[in-house]
S.K.: 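Dropping a structure here in structure tokens format, bear with me for questions.
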Amino acid sequence: MSDSIIDMTGDQWEAFLANLYERDDRLAVREPGGIYPPEEAVDAYVLSGHAEALRSAEVEGDVWGTLADLEEEAGDEEEAWAKVVAFYLDRGCVLLRVTDAGEPEEWLLEEGLARRLGLPGRTA
């Protein structure tokens, strides 16, 4: 496995999201004992606003739009997503994959964000 790819189970993914909060359009990790209003909770939709690109059953991603922004073309969605992933990994981003999801659940995050959010293999 590449340092740029993080695999999580569905339970790990849910725990990861539950451990985050968003305040003033910034994502951060909850501190033990901290008090966080319900409106600061992070779900997949909130995280999508911080991702570079995504392919998710929970949130409508725009694989084709992202591919067009990259001025690339593809024959199908799998090829399109592969090109999007390659583009962002080449630029230092991290691919987070939920391995036991029924449908693809893959998120591309900027390396600094991944580090700040305490993703495995990343240190703040």
S.K.: Give the minimum heavy-atom separation between Ala44 and Leu17, together with the two atoms involved.
M.R.: N-CD1, 3.9 Å
S.K.: Give me the atom names and distance for the closest heavy-atom approach of Thr99 to Thr9.
M.R.: OG1-CA, 4.0 Å
S.K.: Please give me the minimum heavy-atom distance between Glu105 and Ala57, naming the atom from each residue.
M.R.: OE1-N, 3.2 Å
S.K.: Roughly how far apart are Met8 CE and Arg97 CZ, rounded to 0.5 Å?
M.R.: 12.5 Å
S.K.: I'd like to know if the side chain of Asp100 reaches the main chain of Gly10, judged simply by a donor and an acceptor atom lying under 3.5 Å from each other, with no hydrogens or angles considered.
M.R.: yes
S.K.: Can you tell if the side chain of Ile6 reaches within under 4.5 Å of the side chain of Val94, non-hydrogen atoms only?
M.R.: yes
S.K.: Please, which pairs that meet side chain to side chain donor-acceptor pair (under 3.5 Å) have at least one residue in residues 28-46, sequence neighbours excluded?
M.R.: Arg23-Glu40
S.K.: Looking at CG of Leu117 and CG of Leu109, how far apart are the two atoms once the value is rounded to the nearest 0.5 Å?
M.R.: 7.0 Å
S.K.: Should Glu79 and Glu73 be marked as a side-chain contact (heavy atoms from CB on, under 4.5 Å) after you check the CA-CA gap, both sets of side-chain angles, and the distance that decides it?
M.R.: CA-CA 9 Å; Glu79 181 184 2; Glu73 295 180 5; over 6 Å; no
S.K.: With sequence neighbours excluded, give me every ring pair (Phe, Tyr, Trp, His ring centres under 6.0 Å) pair touching residues 96-116.
M.R.: Trp13-Trp107
S.K.: Answer yes or no: is there a side-chain heavy-atom contact under 4.5 Å between His50 and Glu22?
M.R.: yes
S.K.: Hey, could you give me each pair passing salt bridge (charged side-chain N to carboxylate O under 4.0 Å, His left out) that has a residue in residues 59-72? Not counting sequence neighbours.
M.R.: Glu72-Lys83
S.K.: Do side-chain atoms of Asp76 reach the backbone of Glu78 as a donor and acceptor pair under 3.5 angstrom?
M.R.: yes
S.K.: How close do Ala28 and Arg116 get, heavy atom to heavy atom, and via which atoms?
M.R.: N-NH1, 4.5 Å
S.K.: Nearest 0.5 Å please: distance from the OG1 atom of Thr66 over to the CH2 atom of Trp81.
M.R.: 7.5 Å
S.K.: Hydrophobic cluster membership, with links at side-chain heavy-atom distances under 4.5 Å among I/L/V/M/F/W/Y: are Tyr21 and Val29 in one?
M.R.: no
S.K.: Let me confirm one number: the CG-CZ distance from Leu95 to Arg55, rounded to the nearest 0.5 Å.
M.R.: 9.5 Å
S.K.: Any non-hydrogen side-chain atom of Leu54 less than 4.5 Å from a side-chain atom of Leu108?
M.R.: no
S.K.: Between atom OG of Ser4 and atom CG of Leu96, what is the distance when rounded to the nearest 0.5 Å?
M.R.: 12.0 Å
S.K.: Between Glu14 (side chain only) and Asp11 (backbone N and O only), is there a donor and an acceptor less than 3.5 Å apart?
M.R.: no
S.K.: Evaluate side-chain contact (heavy atoms from CB on, under 4.5 Å) for Glu110 paired with Arg91, printing each intermediate quantity in order.
M.R.: CA-CA 9 Å; Glu110 189 271 325; Arg91 283 152 184 81; over 6 Å; no
S.K.: Is there side-chain contact between Leu70 and Val84, with heavy atoms separated by less than 4.5 Å?
M.R.: yes
S.K.: Show your working on side-chain contact (heavy atoms from CB on, under 4.5 Å) between Leu119 and Phe16 and close with a plain yes or no.
M.R.: CA-CA 8 Å; Leu119 284 168; Phe16 168 69; 3.3 Å; yes
